[in-house]
*Asks:* 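Before anything else, here's the structure in question.
Worth knowing before you read on, the calculation uses all heavy atoms, side chains too, and leaves out hydrogens, waters and symmetry mates. Nothing here was measured: the structure is a model prediction, and the numbers come from that model.
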Amino acid sequence: MKADFENILKLLDNKIARRPSAYDLFSKEMISTFLRAFDEEAKVVWVSYYAFPMELLWAFDVVPFDFEIACNTLPTASGGNGSSIMMSAEKEGYSRDICSFYRLVLGAHIEGILPRGDLFLTSSYYCNGKAKTNEIIARSHGKESILLDVPNEISASSIRYVVTQLREIAARLENLTGETLDLDKFRQIIRHSNKARSSYQKVNALMKEKPCPWDGSRAGPLGISGSLFWGSPIREEINQMLIREMEGRISGGKTYPETYRILWFPWVPVQPTNIFKTLRESHANVVMAESARVWWDELDEGDPFEALALKALQNYLVGTAENRVRDIVGLAEDYEVNGAIHFSTPACIHENGSLSLVSDALKEKGIPLLDLEGDMTDERNYSPEQTMHKVTTFLEVLS
Amino acid sequence: MASNNDGSQGEKIGWICDYVPEELIMAAGMEPVRLEGQMENVKEADSYLFSNVCPYVKHILEAGLNRETEDLAGIIFTNSCDGMRRLHDLWNHYVGSPFMHMLEIPKHRDEKGLHYFREQLEHLKRELERFTGKEISSQGLKGAVSLLNDRRGRLMDLFERQKQEEPPYRGSELLDLCLEETTRPKEETARIIQEMGGRPSNALSTNPRPRPVRILVTGNVLDKPNLFRIIESAGAEVVAFDTCLGLRHYTDPVETEADPISSLARRYLLRPPCNRMPGLNEKIERMRQLSRDYTVDGVIQSRVKFCDYALLESPVLENFAKNRDLPFLSLENDYLWADEARMKTRVEAFLEMIRESD
Ligand code: SF4
Ligand code: SF4
């Protein structure tokens, strides 16, 4: 795994040297973080970047390692061959009905290629599998898995419940690092996060331009994996660079031709796919992804723990499907999309379980939805031919 | 139908997950009914949910979409798992019930979890009061607690007798009893429980035979007797089952001294954890302890398909059993146990393996 990351990093360095781009900068910073997790000296905290208020971790001298995102970089690195690692888990009895994300992680764990964890943090959202997988791996290292349990409702009571947990986690981090949580530093981190939140809103506002000046299929992964940097000044750097790129494209007339505007949902396939190339060739631009939305309120630096609890509770995939549907319809209207494309990964029940509601609500607005049943990571469950056939048929519907 | 304090008949409130305190429903003058679904076919629900969703969730949705649950005044959903969360949302939109409530169940079984769960139960109580227009009195709640504690005690006595060398009950009988107890009015099942309690210890041993293989069944939702019948017809006995409706459901009474809502929170949250809870070590320890207490020869894990929690925990439990020379068989089912022939072959082979190793 380490060697894979080193190779990816080299490639990214070369790319950036030739032509710097915000997305490559983000990828480089993330891969460097993964690599730091292999340092003997580092205090490595396993955590889910997109399902944890990362600002709390930036307040400590630790290396956050996301087992899902890190492992899912591997199929990309190995040309889409994630299943070879999954098979190690399948041989140990982990069924193919388990989300391929977790089979990949468990396979990587069994193969012994993951960095060591000093603290195993996990969260109850988005899905059932994450916390359970984290617990299995932590247990096999003789460690405890520490869960951030985020209820499905927002009330004074649930906020208090999450705040208590975040405070306990802070205490664990103090123990691990020997540092005491520096409140001034913590507030500074909250300010970094808020600043980047507001520049991210600008990024999203620019995506409304016609033609769209950026690639929404990248906005999704940045929305998910880029959560690593909430609270770090790097996130602001990435956003500013992105804004400059987009403004440059608009003023230079260098945007992609646009006949159709497409809304995307959270998941994009990790294995090589020509979905996006085909869309581009048909002048169908992905102009927004659900995961790129700014779904949380500005954080109150006066009460960082409560602010972060609220951020976790407000996550777009926590709460009822009704809220999610309302926000998706809002996005479709704001970005004036002609169609929506959903990529399903079969075991993602919490996400695809609301698809009929989403589809009905979009239909009412006259927006067709295409569901591409596939698998984000397991290429054995993904047929490029069938997918392409569905995409081309959908484009015919749009026209 | 349950009787209200004023003698009128209570309406039915459906519950799905074992973490819903029936006491609150009863104290509100309503009749708690566990929802099973058990539809012959799942057709409608397939248009709303992907193929790989837990069939228990699907059957319940199918029942709702087919208007088979019209006799219910309401349903209490729980945030037990991803499937249940979406069941609530789909029900809300496509089925609807006069009363609908989503009960959050914290995953922390400590003071903070208890505090949050108590507040969740207070909230549920207020919602039930709002729906019925009647206050749930502390007296009424204590009455329901005492009735269900008595129930638990009697059922646990039956399970306790199963530890004997000659278990007095067939596992399938006990399962039937648990199913009836949770789906029929409480007063209707009181007599059956009493009768079973009075059965002599040697009731099953009229035909002398070698000691039957003793099996512990663990797992999640198990509403059909098929597995037990397969085991029994192969000459073995299910001496205990630790499933959503088995030992886990009846163990541990509610404390009666403290404030009833806090006591309910403690009982429901702190009882032995099911798949959806963290705590692998505790679950392993429970399996080990039950295997000893019931002197079992093997464990069969019954799990409905597509339950992520069970799918992920299963290899860990199996591995533990393997290292302890405890025969273990994990059987996945579609909730209706439609694939009985294949199950039969696997169970018989498992029992044979146990007999040979004796
Ligand atoms: S795809 Fe869904 S089920 Fe799989 S890891 Fe992500 S959130 Fe969980
Ligand atoms: S069996 Fe598993 S997936 Fe099905 S309802 Fe229970 S916890 Fe959810």
*Asks:* Quick one: does D89(B)'s side chain get under 4.5 Å of L357(A)'s, heavy atoms only?
*Replies:*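 With C-beta onward as the side chain, the pair touches.
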*Asks:* CZ/F50(B) to CD/E373(A) distance, rounded to the nearest 0.5 angstrom?
*Replies:*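 Taking CZ in F50(B) and CD in E373(A), the distance rounds to 5.0 Å.
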*Asks:* Do you know which of L106(A), D360(A), V325(A) has the most heavy-atom pairs with chain B at a distance under 4.5 angstrom?
*Replies:*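 So the answer, after comparing L106(A), D360(A), V325(A), is D360(A).
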*Asks:* Please report the interatomic distance CZ(R85(B)) to OH(Y125(A)), rounded to the nearest 0.5 Å.
*Replies:*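 One gets 12.0 Å once the value is rounded to the nearest 0.5 Å.
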*Asks:* For the NZ atom of K130(A) and the CG atom of D308(B), what is their distance to the nearest 0.5 Å?
*Replies:*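 Spacing of NZ (K130(A)) from CG (D308(B)) equals 12.0 Å.
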*Asks:* For the candidates S124(A), A89(A), G93(A), which exhibits the highest count of non-hydrogen atom pairs separated by less than 4.5 Å from chain B?
*Replies:*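 Between S124(A), A89(A), G93(A), the count favours G93(A).
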*Asks:* Would you indicate whether the side-chain heavy atoms of H88(B) and N152(A) approach each other to under 4.5 Å?
*Replies:*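 They are not in side-chain contact.
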*Asks:* Any side-chain heavy-atom pair from T133(A) and L312(B) closer than 4.5 angstrom?
*Replies:*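 Yes. Closest side-chain heavy atoms under 4.5 Å.
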*Asks:* Which region of E92(A), side chain (C-beta onward) or backbone (N, CA, C, O), has a non-hydrogen atom less than 4.5 Å from a non-hydrogen atom of chain B, or is it both or neither?
*Replies:*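 Looking at E92(A), just its backbone touches chain B.
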*Asks:* Taking atom CZ of R67(B) as the centre, does the number of heavy atoms from other residues, nucleotides or ligands within less than 6.0 Å exceed 12?
*Replies:*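 Yes, enclosed.
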*Asks:* Below 4.5 Å from any heavy atom of chain A, which atoms of L49(B) appear? Answer side chain, backbone, both or neither.
*Replies:*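 When you check distances to chain A, only side chain atoms of L49(B) fall under 4.5 Å.
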*Asks:* When heavy-atom pairs shorter than 4.5 Å are enumerated against chain A, which of S330(B), P278(B), G83(B) gives the highest number?
*Replies:*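 Highest number of heavy-atom pairs under 4.5 Å: P278(B).
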*Asks:* Within this structure, what is the CD-OG distance for the pair E104(B) and S155(A), rounded to the nearest 0.5 Å?
*Replies:*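 E104(B) atom CD to S155(A) atom OG measures 8.5 Å (nearest 0.5 Å).
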*Asks:* Non-hydrogen atoms of chain B under 4.5 Å away: do they reach the side chain of A131(A), the backbone, both or neither?
*Replies:*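 Contact with chain B is absent: no heavy atom of A131(A) under 4.5 Å.
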*Asks:* Do any of residues 309-317 of chain A have a heavy atom less than 4.5 Å from a heavy atom of chain B, and if so, which, in residue order?
*Replies:*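 L317(A), listed by number.
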*Asks:* What residue, out of H108(B), H93(B), E119(B), has the most heavy-atom pairs lying under 4.5 Å from chain A?
*Replies:*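 Heavy-atom pair counts peak at H108(B).
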*Asks:* With side-chain contact (heavy atoms from CB on, under 4.5 Å) as the criterion, how do D97(A) and E332(B) come out once you've worked through the C-alpha distance, each side chain's angles and the decisive distance to 0.1 Å?
*Replies:* CA-CA 11 Å; D97(A) 289 332; E332(B) 183 173 80; 4.1 Å; yes
*Asks:* If we define contacts as heavy-atom pairs under 4.5 Å, which of S145(A), S359(A), S354(A), P151(A) has the most with chain B?
*Replies:*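 Sorted descending by pairs with chain B, the first entry is P151(A).
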*Asks:* Heavy atoms only, distances under 4.5 angstrom: which of T164(A), V150(A), I136(A), L355(A) has the most pairs with chain B? Name it, please.
*Replies:*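 Sorted descending by pairs with chain B, the first entry is I136(A).
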*Asks:* Please check if the number of heavy atoms outside Q386(A) that lie under 6.0 Å from its CD is greater than 12.
*Replies:*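 Atom CD in Q386(A) is not packed in, count stays at 12 or less.
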*Asks:* Measure the CD1-CG distance between I98(A) and N52(B) for me, rounded to the nearest 0.5 Å.
*Replies:*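 I98(A) atom CD1 to N52(B) atom CG measures 12.5 Å (nearest 0.5 Å).
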*Asks:* If you define the side chain from C-beta out and look only at heavy atoms, does anything of K132(A) sit under 4.5 Å from E313(B)?
*Replies:*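 Result yes, sub-4.5 Å side-chain heavy-atom pair found.
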*Asks:* Could you walk me through whether V316(B) and Y94(A) satisfy the side-chain contact (heavy atoms from CB on, under 4.5 Å) test, starting with their C-alpha distance in whole Å, then the side-chain angles of each, then the deciding distance to 0.1 Å, before giving a yes or no?
*Replies:* CA-CA 9 Å; V316(B) 181; Y94(A) 293 100; 3.8 Å; yes
*Asks:* Taking D82(B)'s backbone N and O only, do any of them form a donor-acceptor pair with N128(A)'s side chain (distance below 3.5 Å, no angle check)?
*Replies:*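 Yes, the answer is positive, given that a donor and an acceptor are paired below the 3.5 Å cut-off.
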*Asks:* Non-hydrogen atoms of chain B under 4.5 Å away: do they reach the side chain of D371(A), the backbone, both or neither?
*Replies:*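 Answer is side chain: those atoms of D371(A) sit under 4.5 Å from chain B.
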*Asks:* To check you understand the geometry: which heavy-atom pair defines the closest contact between E322(A) and N92(B), and what is its length?
*Replies:*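 In this case the closest contact between E322(A) and N92(B) is OE1-ND2, 3.6 Å.
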*Asks:* Between L103(B) and chain A, which part of the residue has a heavy atom less than 4.5 Å away: side chain, backbone, both or neither?
*Replies:*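 When you check distances to chain A, no heavy atom of L103(B) falls under 4.5 Å.
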*Asks:* Taking all non-hydrogen atoms of both residues into account, name the closest pair between I349(A) and R86(B) and its distance.
*Replies:*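 Heavy atoms of I349(A) and R86(B) come nearest at O-CG, 3.8 Å.
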*Asks:* Compare every heavy atom of S356(A) with every heavy atom of Y94(B), then report the nearest pair and how far apart it is.
*Replies:*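 That would be OH-O, 3.3 Å.
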*Asks:* Taking the side chain as every heavy atom from C-beta outward, state whether K112(B) and E168(A) have any pair of such atoms under 4.5 Å apart.
*Replies:*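 Yes; the side chains approach each other to less than 4.5 Å.
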*Asks:* Under 3.5 Å, side chain of D149(A) to main-chain N/O of K107(B), donor-acceptor pair present?
*Replies:*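 Flag set: sc D149(A) to bb K107(B) pair under 3.5 Å.
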*Asks:* Out of N319(B), N275(B), N79(B), L280(B), return the one with the most heavy atom pairs under 4.5 angstrom to chain A.
*Replies:*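 Option with the top pair count is L280(B).
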*Asks:* Which distance, rounded to the nearest 0.5 Å, do you find between the CD of E122(B) and the OG of S157(A)?
*Replies:*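 Output value for this atom pair is 10.0 Å.
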*Asks:* What part of S140(A) lies closer than 4.5 angstrom to a heavy atom of chain B: side chain, backbone, both or neither?
*Replies:*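 For S140(A), there is no contact with chain B at all, as no heavy atom is under 4.5 Å.
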